[in-house]
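The structure appears right after this line, and notes come after that.
The first residue in the sequence is number 1, and the count goes up from there.
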Amino acid sequence: MIKDQTKAIFEKYNPADGVVRCPNGRAKMRKPLDAYAKAAVNLYGIIKRTEFVEIFNTYNKEQTTADEVYIILLPNVRKFGWYGFYKDYIVHYIILKNFDWVQYLEREQADKPRYIPFKDEFVMFEWEEYEDNNHWQNVRSFMWDTFGYRKGLNDGYLEIKSYIVHSHGIKELGSIMEKHDLVFKSEEQVHKFLELLSIAKNNTRRWENKGYTPYEMVKLLDSKRPKESFFRQPYKVGPNQPCPCGSGKKYKKCCFLIEKSGAAQLSFSEQKLFYETWLKLLDFVNGKLNVVDYQFDLTYPGQYDESLIYKIREKLWMNPNLISEFLIKDVTLSDEETLLLCSWEKHFIKGQFVLLKYEPDYAILMLMDKDEKPKLYAVKGITNSVADTVRCQLPAMLETVLLPFGEKIIYDGFFGLNSISFASGIKNIFAKEYAQIKSTHGIITKL
């Protein structure tokens, strides 16, 4: 948007001749309304006047209206320019320089709840520098400790912070560091710095999330999603039908190619090793804990009831030390089976994941754990690719247990799928998260 267009739009919605005398007795409202307007645009970027009024009236005995807000605050807009009016919005001063931001934020914020802190916390956001956690301070302190407190260091910190918060990766980070003469002495320092940046970014309040941090938004999704059974009856898809993953392509030109290649799943000999080891372990757990009345067929391929196996599997992951006990008691295990079981006990990952995309050799799952930063895992199917097993539109929320399988990652045979569809705003969050994690930490291909 060119400068003249921007100026014309500003004058249309914030005209000088629109400044009128404050209604009798209402001048006292200017200061608190100004403070709330600054806090609102710092938190959200844009906010409709009606929604702004709702927040203000909730926290204050003295009530106001959307029309009165315009009359009282327009002089401040003309004089100070910290925020302004655009259509039925109050917008941040940055947006006054490019109103295309409004369309972008409307799209990003569309289907998301609004973060509204308690009154005392809300008004603190009047100050643009205010942060309600110490994560960026931890980054600054690390830079002081690593590079020494010197002239220009704060400029480097501020530029890095702005870049990390508003970008989708770290491609330009090296040049910014070089520009400010910030040189690490060890690889350990580099990894620590990237870790601190990742934590800070994911705990930064975002306009796109209506004030929520990326971590908080994911937790909100988790708390609201409905659940369904771990067991889904697969359905057949015709070659010319739309692919179930939601790519928009025909099935024969999308996930069918992954399934046909066989590269995204274990070979037959690997399938045999997995299932025979897995079923022996579950048979031991069931015999010890008497979970179900069931006789295992320990050969592969064989017949077994998945619903009963699932109940035993749940008991196993509640107490994975049972694997060590099984290793001690079963002297018939082969070397391959022993190594596999040892790796499962030490390196299994049980949790909630977002299934983001399919590659020819694996599916990409993102671990969502409130105690850890998100990670990307390259996961192979067992007898079928993950794409053929799941057959639902991406992204998809699911629960599973990831297991090492030599130099590969598989799962334990069970996906807990959640019947929730994501709107475009949430899909964009996952896409950006995927791009940043892949750029920063890569995709984990073995445990």
Side-chain angles (χ1 to χ4, degrees), residues 227-234 264-353 355 362-363 365 367 369 377 379-386 388-391 398-418 446-447:
K227 302 222 172 175
E228 66 179 33
S229 169
F230 268 74
F231 307 103
R232 268 189 168 184
Q233 185 66 34
Q265 64 208 53
L266 299 181
S267 67
F268 180 81
S269 61
E270 290 173 328
Q271 295 168 23
K272 186 174 185 295
L273 173 61
F274 167 76
Y275 274 109
E276 292 187 354
T277 307
W278 176 241
L279 294 172
K280 286 178 185 178
L281 173 61
L282 294 182
D283 186 40
F284 168 79
V285 173
N286 189 45
K288 181 175 178 61
L289 302 181
N290 296 314
V291 183
V292 296
D293 183 11
Y294 184 68
Q295 183 64 44
F296 278 81
D297 180 354
L298 300 179
T299 60
Y300 180 76
Q303 299 294 321
Y304 47 88
D305 188 328
E306 284 192 343
S307 63
L308 297 179
I309 286 180
Y310 172 70
K311 293 179 181 180
I312 305 167
R313 172 252 198 193
E314 286 294 276
K315 294 293 184 181
L316 167 63
W317 296 125
M318 289 173 61
N319 186 12
N321 292 331
L322 287 168
I323 298 177
S324 289
E325 191 172 340
F326 174 51
L327 285 166
I328 294 170
K329 291 192 174 183
D330 194 332
V331 296
T332 66
L333 294 170
S334 69
D335 290 343
E336 275 189 305
E337 291 171 329
T338 300
L339 289 172
L340 201 55
L341 288 161
C342 286
S343 69
W344 290 355
E345 182 178 8
K346 293 179 181 177
H347 303 297
F348 79 92
I349 301 174
K350 186 177 190 294
Q352 178 181 302
F353 300 82
L355 175 55
Y362 47 72
L365 275 65
L367 175 64
D369 188 325
Y377 294 90
V379 181
K380 287 186 178 287
I382 303 172
T383 56
N384 299 90
S385 68
V386 174
D388 191 62
T389 301
V390 174
R391 290 196 179 185
L398 54 84
E399 293 173 335
T400 191
V401 177
L402 299 188
L403 298 173
F405 195 91
E407 298 293 304
K408 303 171 184 177
I409 301 174
I410 59 171
Y411 64 105
D412 70 349
F414 292 92
F415 281 134
L417 297 172
N418 298 287
K446 64 179 181 179
L447 301 179

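The shortest non-hydrogen separation linking Q265 to I382 is CB-O, 3.7 Å. Taking all atoms of both residues into account, the shortest heavy-atom contact from L340 to P404 is CD1-O, 3.9 Å.
Atom CZ of residue F284 and atom CD1 of residue I312 lie 12.5 Å apart, to the nearest 0.5 angstrom. Atom NZ of K350 is separated from atom OG1 of T400 by 9.0 Å, given to the nearest 0.5 angstrom. To the nearest 0.5 Å, atom CD of residue Q271 and atom CD1 of residue I410 are 10.0 Å apart. Going from atom CG of L402 over to atom CH2 of W344 covers 13.0 Å, rounded to the nearest 0.5 Å. Rounded to the nearest 0.5 angstrom, I323 CD1 and L316 CG are separated by 5.0 Å. We find the CG-CG distance between N286 and L308 to be 8.5 Å, quoted to the nearest 0.5 Å.
In this view, L289 and V285, V291, K315, L322 satisfy the side-chain contact (heavy atoms from CB on, under 4.5 Å) rule, not counting sequence neighbours. With sequence neighbours left out, E270 forms a side-chain contact (heavy atoms from CB on, under 4.5 Å) with L266, S267, F405, K408. Listed by chain and number, the residues in a side chain to side chain donor-acceptor pair (under 3.5 Å) with K288 are E325 (sequence neighbours excluded). With sequence neighbours excluded, no residue satisfies side chain to side chain donor-acceptor pair (under 3.5 Å) with T338. Scanning for ring pair (Phe, Tyr, Trp, His ring centres under 6.0 Å) contacts around Y411 gives F415, with sequence neighbours left out. Among residues two or more places apart in sequence or in another chain, the side chain to side chain donor-acceptor pair (under 3.5 Å) test is passed with D412 by R313, W317. Every side-chain contact (heavy atoms from CB on, under 4.5 Å) that S324 has, sequence neighbours left out, goes to E345. Legend: residues meeting side chain to side chain donor-acceptor pair (under 3.5 Å) with K446, ordered by chain and number and at least two apart, are E407.
When side chains are defined from C-beta on, I309 counts as touching F414, because their heavy atoms get closer than 4.5 Å.
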> How far apart are the C-alpha atoms of F353 and V379, what are their side-chain angles, what is the distance that settles it, and do they pass the side chain to side chain contact (heavy atoms under 4.5 Å, CB included) test?
Replying inline: CA-CA 11 Å; F353 300 82; V379 181; over 6 Å; no

>> Evaluate L367 against L365 for side chain to side chain contact (heavy atoms under 4.5 Å, CB included), listing each step before the verdict.
In response: CA-CA 6 Å; L367 175 64; L365 275 65; over 6 Å; no

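Annotation: D293, atom CG; neighbour count of heavy atoms from other residues, nucleotides and ligands within 6.0 Å does not exceed 12.
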